[in-house]
Every structure is written in C-alpha cells, then in structure tokens.
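Everything below concerns the one structure shown next.
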Protein chains: 2
Amino acid sequence: MTLLSRKADYALLILSYLHQNTGGGNARTVADKFGLSPSFVANILKELAHHGFVAGHRGVKGGYALARPADTITLAELLESIESGFRLTMCNPSLPDQHHEQCSLAGACTLKGPLTVVHNRLLEVLRAVTLAELFDPNGSLSQPSALLSLSLLPATTTTTCRSEPATVTQA
Amino acid sequence: MTLLSRKADYALLILSYLHQNTGGGNARTVADKFGLSPSFVANILKELAHHGFVAGHRGVKGGYALARPADTITLAELLESIESGFRLTMCNPSLPDQHHEQCSLAGACTLKGPLTVVHNRLLEVLRAVTLAELFDPNGSLSQPSALLSLSLLPATTTTTCRSEPATVTQA
DNA sequence: CGAAATAGCACTTGTCAGATACGATTACCA
DNA sequence: TGGTAATCGTATCTGACAAGTGCTATTTCG
Ligand code: FES
Ligand code: FES
C-alpha cells in the first residue's frame with residue numbers, strides 16, 4: 001500500500017516549486033516544469049487553493065503563490081486535507097467526535113484502543129515534519145545518513161519532549 | 001486514506017483470536033466468532049499461512065495456530081506481507097535494492113531524499129509495535145496515555161523531538 | 001471409504017484514485 | 001470596451017485494485 005497518493009505526491013512537488021519561486025507561477029508553467037498534464041496540475045492547485053494552502057489570483061497576470069509560510073504547514077495537515085482523512089483502519093476514525101458505529105465488530109473488537117495509539121504515534125511523526133524542512137535541500141531531512149544516526153544518537157534524553165495527547169481539535 | 005486495508009484489519013483480529021486461544025481454531029469457528037463470511041476468513045488465513053504467520057493443519061481435526069510467538073511479529077512485518085509493500089509515495093520503494101526508475105521526475109525531484117527519511121521514521125514506529133503488545137489488553141498500548149512510552153522505546157523514533165506543538169489551526 | 005478441514009486458484013463485483021474536459025468568472029491590457 | 005489569459009467550480013469518464021465468493025484438489029482422522 002502507498003501512504004501518499006500520487007495526487008498528494010504531486011501536490012508536494014508543486015508546493016515545493018511555489019516555495020522556491022517566491023513569485024509563484026501559474027498552472028501551465030508548473031505543469032511544463034515537471035512534464036505533467038496541465039489539467040491535472042490545475043486540479044491539484046485548485047484543491048490546494050480550496051484548502052487554503054495556496055492563494056490563486058485570476059486574470060492575465062494571475063497565478064498561484066503560497067498562502068502560508070512553508071514552515072507553518074505540517075505534513076500531517078497537508079495529508080489530512082489532500083487525502084480524505086488519515087486513518088489507520090476503517091474502524092478508527094481520525095476525528096474522534098463523529099463515532100459512527102458502522103463496524104459490526106465494535107463490541108467484540110479488542111484492537112480498537114491499541115490501534116488508536118499506533119495511529120497517534122504515526123500522526124506525531126507526520127506532525128513533526130513541516131514543509132519547510134521537506135523543501136530544504138540542506139535540512140536535517142536531506143541527509144541520508146540521518147537514518148544511521150538514529151542508532152548512534154548521543155544519549156541526550158529528550159527531556160523537553162512534551163507528550164501531547166495528540167488531540168486534533170478539528171472545528 | 002486508510003493505512004490498513006480491511007483485509008489487514010481482519011487479519012489482526014484473526015491473529016488476536018489465535019493468540020488468545022492457544023489451541024487454535026479452524027476457519028469456520030473464527031468466522032462464526034466474528035460474524036464474517038467463512039470464505040473471506042478462510043482466504044485471509046490461507047494468506048497468513050502462506051507468509052508463515054500461522055500454521056495450518058489439514059484433516060478432520062485440523063485448524064490454524066500461530067506459527068510464531070506473537071512477540072516476535074512486528075506490525076511492520078505483518079503489513080509488509082499482507083499489504084503489498086509499505087511505501088510512502090509511488091517513487092519511494094520500500095526495498096532500496098530494486099531502484100527501478102519508473103518515475104520520470106526522478107531527476108528533477110528534490111523531495112525523494114527527505115521523503116525517504118520520513119518514510120523510515122514511520123516504518124520505525126510500525127517496527128516498534130509487536131503483535132503481543134497489540135493483543136495485550138493490559139499492555140502499554142491500551143492506555144490512552146501511552147504516548148509517553150515513546151520516550152522509553154529503544155531510541156527508534158522521535159529523533160529530534162520538536163518543541164513546537166504543531167498546532168493545527170483550522171482557518 | 002467418507003467426512004472435515006486446509007491449499008490453491010479463478011472469478012465476479014464494487015469502489016475510488018487518476019485523469020480529463022468544459023463552461024463560468026475574473027482581471028489585465030490595448 | 002472588447003479580447004485574452006488565467007483561475008474557479010464542477011461534472012464525467014476510465015482503469016486498477018481491493019473486496020468478496022466459489023470451486024476443486026489434497027490431506028488427515030475415524
Ligand atoms: S475491527 Fe471494527 S472496531 Fe475493530
Ligand atoms: S515524484 Fe517521483 S521521484 Fe519525486
């Protein structure tokens with residue numbers, strides 16, 4: 001299975017382009033840049049604009065530009081918008097407020113709680129990544145050796161790690 | 001999007017049943033237990049047996065039982081088998097050895113490296129969860145406050161715990 | 001031998017991502 | 001004031017794959 005759909009993947013690419021070219025660009029320019037279908041790029045940009053990530057300006061000199069700084073957008077937030085809600089399983093809704101009991105096994109299922117914890121752990125990883133980090137070619141995410149440094153990290157205990165209960169306060 | 005397909009979700013349920021009933025059980029019993037289609041359960045068990053998670057015994061007194069202790073199976077391993085390879089994007093294969101350059105943007109794409117790092121972080125979370133933890137009703141995963149336990153895991157995830165709470169501000 | 005169970009495969013069906021298209025609206029410019 | 005170039009909104013089509021069913025062969029026990 002693939003976590004990011006192709007649409008979300010291209011959305012990241014497009015946002016990366018708009019991030020580097022601060023002047024922004026129109027759909028055709030972006031599509032030409034990446035060799036994609038102009039209609040497809042236009043649709044993705046429309047969806048991004050609808051969710052408030054980019055701002056579109058119409059007219060002959062219009063185009064798209066980032067509506068918010070890239071370091072204020074987390075990967076989790078983008079995926080929650082582009083993909084239709086990030087869930088671990090069918091029975092674990094990401095939004096805890098709407099608890100539609102569509103699963104017939106909800107009573108006998110003992111995995112619901114533990115799976116929710118795993119889901120929150122994954123969400124924490126996505127929340128810790130901002131688009132600015134993702135787009136920075138010299139950032140901490142660009143070193144492939146960062147994976148190895150996982151095991152040989154100095155024993156600096158992450159004392160300041162606030163363990164939030166990970167409650168997505170969705171209005 | 002949903003990380004675990006319904007098949008994987010039911011596979012976890014079935015494995016949980018086989019874990020609690022050490023004597024094992026046949027497909028019909030399990031299907032009856034959860035109110036699922038016997039054929040569907042049988043197919044899932046067949047696939048689990050094919051991947052070596054459960055051992056099937058034919059004959060009139062046959063059935064399935066866990067082939068390996070539950071604490072030696074990680075959630076990542078199960079998903080890698082049931083689902084067909086856990087990838088973050090289309091262009092980030094989970095297996096680094098086969099580097100088929102199917103993506104036409106592989107040259108111009110600057111996100112490949114950072115996304116791989118994120119992918120590995122997510123994989124670490126899944127690798128840190130064993131089925132035994134998942135099935136234990138009194139385990140660390142059953143407490144909603146188990147997010148604390150991230151810090152006492154063997155230095156896998158949360159390489160740099162970001163102090164920013166990453167508040168999701170809905171516009 | 002016959003019943004009961006797994007093993008393996010072929011098949012149908014339903015859903016949704018992926019992708020395209022078109023008209024409406026807006027803004028710039030001559 | 002008209003024309004053009006862009007976004008905006010929506011509607012639609014299609015292919016791939018998940019979801020689910022069924023059947024036959026094989027094995028084991030009584
Ligand atoms: S399988 Fe639906 S609640 Fe666990
Ligand atoms: S989009 Fe294919 S390599 Fe980045």
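Order of the sequence lines sets the chain letters (A, B, ...), proteins ahead of strands, with each chain counted from 1.
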Closest listed nucleotide, where the reference is the side chain of [X] and the choices are [options]:
X     : options                : answer
B:A27 : C:dT6, C:dA7, D:dT21   : C:dT6
B:R6  : D:dG20, C:dA21, D:dG30 : D:dG20
A:K61 : D:dA19, C:dC28, C:dG18 : C:dC28

Residue pair A:H57/A:F40 against DNA chain C: nearer the 5' end by closest nucleotide is A:F40
What is the distance, rounded to the nearest whole Å, between atom [atom1] of [X] and atom [atom2] of [N]?
X     : N      : atom1 : atom2 : answer
A:N43 : D:dT7  : CG    : C1'   : 12 Å
B:I82 : D:dA19 : CD1   : P     : 12 Å
A:K46 : C:dT26 : NZ    : C1'   : 15 Å
B:L45 : C:dG8  : CG    : C1'   : 14 Å
B:L36 : D:dA19 : CG    : P     : 13 Å
B:E47 : C:dT6  : CD    : C1'   : 15 Å
A:R58 : C:dT26 : CZ    : C1'   : 5 Å
A:H50 : C:dT25 : NE2   : C1'   : 16 Å

Residues [X], [Y]: salt bridge by 4.0 Å N-O rule:
X      : Y      : value
A:E124 : A:R127 : yes
A:K7   : A:E83  : no
B:E77  : B:R68  : yes

Contact under 4.0 Å: [X] side-chain N or O vs [N] OP1/OP2:
X     : N      : value
A:R28 : D:dA5  : no
A:Y64 : D:dC8  : yes
B:S37 : D:dG20 : no

Which atom pair, heavy atoms only, marks the closest approach of B:D71 to B:T130?
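For B:D71 and B:T130, the tightest heavy-atom pair comes out as O-CG2, 3.7 Å.
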If I take atom CG from residue B:L123 and atom CG from residue B:L88, how far apart are they, to the nearest 0.5 angstrom?
10.0 Å
Can you tell me whether the side chain of A:K7 and the base of C:dG18 have a donor-acceptor pair closer than 3.5 Å?
no
Any N or O donor-acceptor pair linking the side chain of A:N26 to the base of D:dT7 at under 3.5 Å?
no
